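Taking it in order: structure first as structure tokens, then the write-up.
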Amino acid sequence: MRILVMSDSHSTMRYMRLAIDTVKPEAVIHLGDHYDNAETLEEEYSHIRFHKLPGNCDRYRCPADTPQIFCYGIGGVKFYMTHGHLHGVKSDTGRLLAAARDADAKAVLFGHTHESVCYQEEDGLWVLNPGSCGYGGGSAGVIEIADGKISACRLIGQADIGAV
């Protein structure tokens, strides 16, 4: 299973469409800041499963009771997903990683900082911030799942999109 992870679109949707058309994911995760962009794409790409949650800029872009943190399995892998502002990720990811570990997640996905990062902790926890798909030409994350485990996790940018 291939999952495309994006965040912080801020109404710039060109890269998002290009990434979906190139990566051809089975699922898309949008980690907030312009939640309504993900809703628009969900209508356009109705054959793809979308997982979307709000960010700090989405107060009036989604229903008020929309959860800001998701923690559930996709393709047999448990993900802890949030925009990141509630965990103070612009200064430190410690609280976020602790929450993901407390939830027994295998990967933590967040945005908010507009800085892309992808790595695996010593205990096996994958950490992915896809950066901003709306600024700087765009960036995203791609997660591959095989046999209920993450087999690959990487970042892609505008220059990489043709090589995926």
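Because only heavy atoms are used, hydrogens play no part in the values below, and waters and symmetry mates are left out as well, while side chains stay in. The model shown is predicted, which means the values in this text are computed figures rather than measured ones.
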Taking a hydrophobic cluster as the set of Ile, Leu, Val, Met, Phe, Trp and Tyr residues connected by side-chain heavy atoms closer than 4.5 Å, whether directly or through intermediates, do Val28 and Tyr15 fall within one such cluster?
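Yes, one cluster joins them.
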Any side-chain heavy atom of [X] sitting closer than 4.5 Å to one from [Y]?
| X | Y | answer |
| --- | --- | --- |
| Leu41 | Phe50 | yes |
| Ile20 | Leu4 | yes |
| Val5 | Leu128 | yes |
| Arg49 | Glu26 | no |
| Trp126 | Cys118 | yes |
| Ile74 | Ile29 | yes |

Which pair of non-hydrogen atoms, one from [X] and one from [Y], has the smallest distance, and what is that distance?
| X | Y | value |
| --- | --- | --- |
| Leu31 | Gly111 | CD1-N, 4.2 Å |
| Leu97 | Leu125 | CD2-CD2, 4.1 Å |
| Cys153 | Ile143 | SG-CG1, 3.9 Å |
| Phe79 | Ala105 | C-CB, 4.2 Å |

Any salt bridge linking Glu39 with Lys52? Criterion: basic side-chain nitrogen under 4.0 Å from a carboxylate oxygen.
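So Glu39 does not pair with Lys52 through a salt bridge.
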Under a 4.0 Å threshold between the charged nitrogen and the carboxylate oxygen, would Glu121 count as salt-bridged to Arg101?
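Salt bridge present between Arg101 and Glu121.
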How long is the span from the [atom1] atom in [X] to the [atom2] atom in [Y], to the nearest 0.5 Å?
| X | Y | atom1 | atom2 | value |
| --- | --- | --- | --- | --- |
| Cys57 | His112 | SG | NE2 | 8.5 Å |
| Asp123 | Gln120 | CG | CD | 8.5 Å |
| Ser116 | Leu155 | OG | CG | 5.0 Å |
| Met16 | Thr40 | CE | OG1 | 8.5 Å |
| Thr113 | Asp8 | OG1 | CG | 7.5 Å |
| Met6 | Ile156 | CE | CD1 | 8.5 Å |

Applying side-chain contact (heavy atoms from CB on, under 4.5 Å) to Gln158 and Leu18, what does each step give before you reach the verdict?
CA-CA 9 Å; Gln158 185 71 39; Leu18 183 61; 3.5 Å; yes
Going by atom types alone, do His34 and Asp58 pair a side-chain donor with an acceptor below 3.5 Å?
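No.
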Just checking, is any N or O donor in the side chain of Asp102 or Tyr80 under 3.5 Å from an acceptor N or O on the other one?
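No - no donor-acceptor pair under 3.5 Å links their side chains.
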Name the atoms and distances for all side-chain donor-acceptor pairs under 3.5 Å in residues 65-73, with sequence neighbours left out.
from  : atom 1 : to    : atom 2 : distance (Å)
Thr66 : OG1    : Pro63 : O      : 2.8
Gln68 : OE1    : His85 : NE2    : 3.2
Tyr72 : OH     : His51 : ND1    : 2.8

All side chain to side chain donor-acceptor pair (under 3.5 Å) counterparts of Glu44, not counting sequence neighbours
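So Glu44 forms a side chain to side chain donor-acceptor pair (under 3.5 Å) with Arg17.
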Could you name each residue pair satisfying side-chain hydrogen bond (donor to acceptor under 3.5 Å, both in side chains) that touches residues 135-150, not counting sequence neighbours?
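Applying side-chain hydrogen bond (donor to acceptor under 3.5 Å, both in side chains) to every pair that reaches into residues 135-150, excluding sequence neighbours, yields Arg2-Glu144.
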Donor-acceptor contact present, side-chain His30 to main-chain Gly32, <3.5 Å:
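Side chain of His30 to backbone of Gly32: a pair is present.
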Using the side-chain hydrogen bond (donor to acceptor under 3.5 Å, both in side chains) rule, pick out the option among His83, His114, Arg61 that qualifies with Asp33.
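The option that passes is His83.
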